[in-house]
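Order of listing sets the numbers, starting from 1, for every ligand and every atom in it. Please read all numbers here as calculations on a predicted model, not as lab measurements.
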Amino acid sequence: MKYVLVTGGVVSGLGKGVTASSIGVILKSCGLRVTSIKIDPYLNTDAGTMSPFEHGEVFVLDDGGEVDLDLGNYERFLDIVLTRDNNITTGKIYQSVINKERKGDYLGRTVQVVPHITDAIQEWIERVAMIPVDGKEGPADVCVIELGGTIGDIESMPFIEALGQFSYRVGAGNFCLIHVSLVPVLNVVGEQKTKPTQHSVRGLRSLGLMPNILACRSTTELDENVKAKISQFCHVPEENIISLYDVSNIWHVPLLLKDQMAHNAILKVLHLQGVAREPVLEEWTARAKLCDMLHEPVRIAMVGKYTGLSDSYLSVLKALLHACVAWRRKLIVDWVLSTDLEEATAKENPDAYSEAWNLLKGADGVLVPGGFGDRGVQGKMLAAKYARENGIPFFGICLGMQIAVIEFAQSVLGLHDANSIEFDPNTRRPCVIFMPEVSKTHMGGTMRLGSRKTYFQVADCISAKLYGNKGFIEERHRHRYEVNPDIVPQLEDAGLLFTGKDESGQRMEIVELANHPFFVGVQFHPEFKSRPGKPSALFLGLIAAACGQLDAFLKKRVIKSNAISNGTATLKPHHYANGAEKTPNWSALGVVCSNGNGVHC
Ligand code: GLN
């Protein structure tokens with residue numbers, strides 16, 4: 001096993017995660033099998049109990065792990081499926097050492113940070129690096145490890161010490177350290193400044209870690225003399241200094257690395273030159289360029305709680321983007337603060353109220369993402385009602401599905417007091433109820449989590465067709481509450497159809513409104529399995545509906561899935577030489593990919 005460690009210096013928020021994922025992409029494109037580990041030096045056991053509005057979204061894995069959003073970047077960029085153990089936290093390491101201490105594994109000895117915590121970190125890395133994540137047998141060739149935080153943080157010290165020992169233990173030729181740093185330009189002088197990078201590398205060295213490669217983030221390409229200066233002061237060869245300047249979309253980052261021969265630098269350090277082939281990144285190049293060329297807009301109103309951190313809904317945004325690229329549309333997300341749609345805002349802040357409603361009314365599609373708690377729930381229901389009554393494509397994810405069901409029960413069934421136990425524990429009309437198996441006393445890791453099966457109840461519904469008419473699908477979950485099965489017959493009689501259920505038939509997974517262009521709610525989170533080039537089926541459906549193309553698309557898909565079962569479907573290449581296509585290329589869009597949840601484009 002070869003290891004690539006990615007550390008960050010100077011400031012946080014440099015795009016270390018995207019850099020590390022892109023390094024994985026170029027190594028993969030050289031024919032190597034790649035896995036990854038993210039180290040988060042916080043004390044939480046996992047990201048599950050952390051607020052997405054402070055820390056970014058909680059990403060959910062197949063095995064139910066609630067992890068840092070960077071693991072989502074790895075899964076999307078490398079098209080791999082990670083496990084909860086691929087996210088190491090201080091909490092997990094200490095917990096494992098303390099458990100061992102209680103079992104008596106260290107009998108007689110004093111348990112210390114060095115060597116016990118540092119050994120536990122190294123053992124964890126070696127064990128997890130061996131887990132296959134790409135569907136093939138046997139371990140990967142290279143493990144990319146990203147150390148969260150910035151060099152010098154107190155809480156990352158045990159990890160730095162462990163990684164220093166680790167690099168020595170695995171030996172030169174098996175370990176490559178890439179340090180991501182910042183080269184700022186001071187406005188007054190307009191000059192690229194190397195001092196922050198020099199200090200950061202000095203800090204790294206003083207902790208026993210020697211960088212092999214420096215990835216320098218800057219607004220514009222690094223000047224040659226700046227590279228020379230960094231090389232001289234940081235003792236890193238010039239060809240190992242990569243200029244990661246700002247690009248129009250993140251799919252350019254692997255291309256930047258390749259253009260600057262970063263793969264050669266890494267392969268040389270890892271003694272892999274003889275094994276690897278020249279990188280092939282045609283698909284990435286095509287996608288990065290296509291994304292830049294998209295101009296015909298599709299407007300999606302995202303109705304939720306916001307604090308200005310778009311990372312809170314990162315995977316949903318990525319899934320929308322993947323679908324928009326497939327439809328050759330430029331994604332415009334209109335953020336609608338759900339509380340602004342409520343009557344109370346009309347009085348308190350009429351400008352915000354009318355702006356929120358204008359955005360909603362101007363949208364081609366409405367999306368209500370997942371969420372927790374009762375704040376803004378009224379506004380979300382008003383958005384669902386508006387989309388339902390006006391034939392606007394609507395997609396509700398998890399909480400978004402639950403509020404759509406409650407709104408329907410209130411408005412259409414006339415059950416004015418219908419509610420969720422989550423919003424009113426004493427409600428007399430529980431339309432959404434607490435799931436029996438979920439703990440009421442512990443928060444961390446106790447929800448219904450991870451990959452679960454959904455069985456389609458009928459073939460003739462939008463979601464079954466979008467998923468390519470399979471009997472069942474597997475998507476990731478993260479919820480405590482569910483639609484009350486007792487109220488389902490009433491809802492179905494009124495036209496709200498539960499087209500997907502779990503294996504028991506008692507748990508509602510997909511809901512669709514009859515006689516509406518696209519009104520779909522799902523209890524699961526399809527955004528977590530969307531990939532560039534393989535958009536999630538339901539996001540593809542939302543964007544198709546928002547572009548007025550869904551009916552035609554579904555007809556083609558029925559023909560296509562028949563063709564697939566006859567073995568006659570072919571995937572033809574795209575032609576985008578003349579700019580964005582107005583009509584999608586059916587042949588390239590219509591084949592269900594092997595994991596069953598996406599569609600190649
Ligand atoms: N709060 C809801 C539940 O726990 C929805 C969760 C979500 O949207 N992820 O069931």
**Student:** Are the side chains of Val511 and Gln523 in touch, meaning some heavy atoms are under 4.5 Å apart?
**Tutor:**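 No - every pair of side-chain heavy atoms lies 4.5 Å or more apart.
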
**Student:** Regarding ligand 1, does His525 bring an N or O atom to under 3.5 Å of one of the ligand's N or O atoms?
**Tutor:** yes

**Student:** Atom 9 (N) of ligand 1: which protein heavy atom is closest, and how many Å away?
**Tutor:** Arg478 O, 2.9 Å

**Student:** Should you measure from each heavy atom of His479, which atoms of ligand 1 turn up under 4.0 Å away?
**Tutor:**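 Once the distances to His479 are compared, the set is 3 (C), 4 (O), 10 (O).
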
**Student:** Return yes when Gln402 approaches ligand 1 closer than 4.0 angstrom through a heavy atom, no otherwise.
**Tutor:**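 Gln402 counts as a contact of ligand 1 under the 4.0 Å cut-off.
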
**Student:** Kindly say whether Ile80 contributes a backbone atom to a donor-acceptor pair with the side chain of Arg531 at under 3.5 angstrom?
**Tutor:** yes

**Student:** Parallel, tilted or perpendicular: which fits the ring planes of Phe77 and Trp284, with parallel below 30° and perpendicular above 60°?
**Tutor:** tilted

**Student:** Taking the inter-plane angle between the rings of Tyr467 and Phe524 on a 0 to 90° scale, is it parallel (under 30°), tilted (30 to 60°) or perpendicular (over 60°)?
**Tutor:** perpendicular

**Student:** Distance to the ring centre below 6.0 angstrom and angle to the axis at most 45 degrees; does that hold for Lys453 and Phe472?
**Tutor:**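 Yes, Lys453 sits over the ring of Phe472.
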
**Student:** Answer yes or no: is there an ion pair linking Arg478 with Glu66, defined by an N-O contact shorter than 4.0 Å?
**Tutor:** yes

**Student:** Report the nearest protein non-hydrogen atom to atom 4 (O) of ligand 1: residue, atom name, distance rounded to 0.1 Å.
**Tutor:**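 Of the protein heavy atoms, Arg480 N, 2.9 Å lies nearest.
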
**Student:** Can an N or O of Phe372 be found at a distance shorter than 3.5 Å from an N or O of ligand 1?
**Tutor:**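 So ligand 1 has no N or O lying under 3.5 Å from an N or O of Phe372.
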
**Student:** How far is atom 10 (O) of ligand 1 from its nearest protein heavy atom, and which residue and atom is that?
**Tutor:**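 Protein heavy atom with the smallest distance to atom 10 (O) of ligand 1: Tyr481 N, 2.9 Å.
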
**Student:** Distance under 4.0 Å to a non-hydrogen atom of Gly370: what atoms of ligand 1 satisfy this?
**Tutor:**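 Close to Gly370: 8 (O).
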
**Student:** Under 4.5 Å between any side-chain heavy atoms of Val316 and Phe395, yes or no?
**Tutor:**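 No, their side chains stay 4.5 Å or more apart.
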
**Student:** To the nearest 0.1 Å, how far is atom 8 (O) of ligand 1 from its closest protein heavy atom, and which atom is that?
**Tutor:** Gly371 N, 2.9 Å

**Student:** Taking the six-membered ring of Trp124 as reference, does the NZ or CZ atom of Arg127 fall below 6.0 Å from its centre and within a 45° cone about the axis?
**Tutor:**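 Cation-pi check for Arg127 and Trp124: passes.
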
**Student:** Tell me: protein heavy atom nearest atom 2 (C) of ligand 1, and distance?
**Tutor:** Glu422 OE1, 3.3 Å

**Student:** Given Gly373, Cys398, Gly396, which one has a non-hydrogen atom that is nearest to atom 7 (C) of ligand 1?
**Tutor:**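 The residue whose heavy atom sits nearest atom 7 (C) of ligand 1 is Cys398.
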
